[in-house]
Amino acid sequence: MKCLSQMDSLPDAILQYILSYLTSARDVAACNCVSKRWKESTDSVKSVVFHRNSFESIMETDDSDSIVRKMISSSRRLEELVVYSPFTSSGLASWMMHVSSSLRLLELRMDNLASEEVVVEGPLKLDCIGVAKNLEILKLWGVLMMSPPKWDMFPNLRSLEIVGAKMDDSSLSHALRACPNLSNLLLLACEGVKSISIDLPYLEHCKLDFYGQGNTLLVLTSQRLVSLDVQGCSWIRVPETKFLKNLSISSVTGRVYMVDFNNLSSLEALSIRGVQWCWDAICMILQQARDVKHLFMKVEFTGNEALQPFPEIDFVEFFNNHPKLQTFDIHGAMFAALCQKNSLKKLETGFTIPCLEEVVITVRSPLNAEQKMNTLESLVKYARGLKRMVIRILRMKSNHSSADDFCDDICKFRHMNEHLVHIE
Amino acid sequence: MSSKMIVLMSSDGQSFEVEEAVAIQSQTIAHMVEDDCVADGIPLANVESKILVKVIEYCKKYHVDEANPISEEDLNKWDEKFMDLEQSTIFELILAANYLNIKSLFDLTCQTVADMIKGKTPEEIRSTFNIENDFTPEEEEAVRKENQWAFE
């Protein structure tokens, strides 16, 4: 008399529930071959991932398209689909036919950027996505969007992420208008956008990385914004920032002219980076971010046209204007601005830097070594709560003995404050 | 503050006294408590003592009180250790969690079995769980062909 194994004695519903935890398409395919009951039970799979090399042995993309289609259509209710392997637009259209109403998450490697010409055979891949009306999360890699996608509306879409894209202003604008309820927007390595106005009332997290000359213009209207990270814009206006806690603005290639934030009273963390920022822009943003706790500053030059070094920043005024500062990370040129002739002019006994706990300073040049040492000493002296100071010494530009002297000074300083200071 | 205790009786006649608040993580037991039929203890005809001990251990750990919060990371580590069991015990836990209607334990045990399936070939899956291959040779050939792409 044959005795069933525990697995074979499990009720069908439980087997189906176990199999619904499988996500890799390969695992689903393996389960299909185990037994008749298993083959019938894999229809409970709710989420399936096709990895990049799923179809390496298959010559024709049409064949892999139909393998994906068969697996999708055998699922009772597919909610999540991730495809990293290549596919055609007609393949994608056929998949969407089966899952358009149940799909909540879709992640696709579009791989459209590599092709030189735009070959239009049948529907465009982006357009096919439009029928998945109940999507909540959409993530696309390698997108070419040079015409507005035929997206009617994704009312439930809360997260849109596009990594690696070439698009134009009107296409991006059109795409975003189809997602009015977004709370998370990520555009990474995005080329071709010159000027964009984004109006998303529920947006809370936004990361924009515009690749190219660094002179994109951005207007962002999102009252609930909590965190914003922008790279590659020269002009930024965000009128409503009552809830903004984290702000990072950087510019790898271009120049930051203007940043216009209505108020930054809730801002806790601020990071400003770039090759060149106009001085007004820096002042404006530092002035508004009065209560900031964590500050990261790495800007090489200022100036409206030609590259200019920074004007002097008064040490006392700076720390009095940012009394809640807890961590402070400052690089090269900006540190030098705090170390000018008159920077420490206003130091007096009543002055304190009350909340500062951690300081990271990156030094590059031995110029004004004496002032730099004075500033370092002032930081240690007036920041009673200071727990840690890290001094990073990058390759000194000068070959003078002044560079050696400076390093000696720093080592001496470290020695006198061993419990606080580390050198990297 | 005294906590109300109830008695759970395993299928093999052993009794276990458990705090009511801990036990009612089982929806099945919670309903019985509501219906007020627990005075003489709750007989659990489908759960052996060896398994009931593990179920109670789980429920005690997951009965989180605000005074002793526990991080998700620590709970995950504990789950991993808890599930380091023989295959037959895992299956019995699945059935117990299902019968007692303890969703988080049911999810944990099913996920554990799913993790044992991942990355295996059909033959390996069959041999791990002693599953009978009930395909006819023709059926098996057809289904292998259809899913051949996964094995190359």
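Small disclaimer: the values here were computed from a predicted structure and weren't measured. Chain naming here is simple, since letters A, B, ... match the order of the sequence lines and numbering starts at 1 in each. The figures that follow rest on heavy atoms only: side chains count, while hydrogens, waters and symmetry mates do not.
Proximity to chain A (any heavy atom under 4.5 Å) is restricted, for B:Ile125, to the side chain, taken from C-beta onward. Interface remark: B:Asn133 contributes backbone and side-chain atoms alike to the contact with chain A (heavy atom separation under 4.5 Å). Neither the backbone nor the side chain of B:Gln148 comes within less than 4.5 Å of any heavy atom of chain A. Interface remark: A:Ser54 contributes backbone and side-chain atoms alike to the contact with chain B (heavy atom separation under 4.5 Å). Contacts between A:Asn32 and chain B at a heavy-atom distance below 4.5 Å involve backbone atoms as well as side-chain atoms.
Looking at A:Lys125, its side chain does come within 3.5 Å of a backbone N or O of A:Phe87 through a donor-acceptor pair.
Using a 4.0 Å cut-off between charged nitrogen and carboxylate oxygen, B:Lys50 and B:Glu86 do not count as a salt-bridge pair. Taking the charged nitrogens against the carboxylate oxygens, A:Glu79 and A:Arg104 do have a contact shorter than 4.0 Å, which makes a salt bridge. Ionic pairing of B:Glu57 and B:Lys54 is present here: one or more N-O contacts between side-chain nitrogen and carboxylate oxygen are shorter than 4.0 angstrom.
Closest approach of A:Asn184 and A:Ser159 over heavy atoms only: ND2-OG, 3.0 Å.
Residues of residues 12-36 of chain B placed with any heavy atom under 4.5 Å of a heavy atom in chain A are absent; none qualify. Residues from residues 101-119 of chain B that place a non-hydrogen atom less than 4.5 Å from a non-hydrogen atom of chain A comprise B:Lys103, B:Phe106, B:Asp107, B:Cys110, B:Gln111, B:Val113, B:Ala114, B:Ile117, B:Lys118, B:Gly119, given in numerical order.
Counting heavy-atom neighbours within 6.0 Å of B:Asp40 CG, excluding the residue itself, gives a total of 12 or less. Enclosure of atom NZ in A:Lys139 by more than 12 non-hydrogen atoms of other residues, nucleotides or ligands within 6.0 angstrom is indicated.
Counting heavy-atom pairs under 4.5 Å between each of A:Cys31, A:Ala25, A:Ser24 and chain B puts A:Ala25 at the top.
Contact annotation: the side chain of B:Phe151 approaches that of A:Cys33 to within less than 4.5 Å [non-hydrogen atoms, C-beta and beyond]. At least one side-chain heavy atom of B:Lys61 sits under 4.5 Å from a side-chain heavy atom of B:Ile70. Here the side chains of A:Leu103 and A:Asn134 are not in contact, with every heavy-atom distance at 4.5 Å or above.
Judged purely by distance below 3.5 Å, without hydrogens or angles, the side chains of B:Ser71 and B:Glu73 never pair a donor atom with an acceptor atom.
Put simply, the residue from A:Arg76, A:Arg77, A:Lys70 that forms a salt bridge (charged side-chain N to carboxylate O under 4.0 Å, His left out) with A:Asp43 is A:Arg76.
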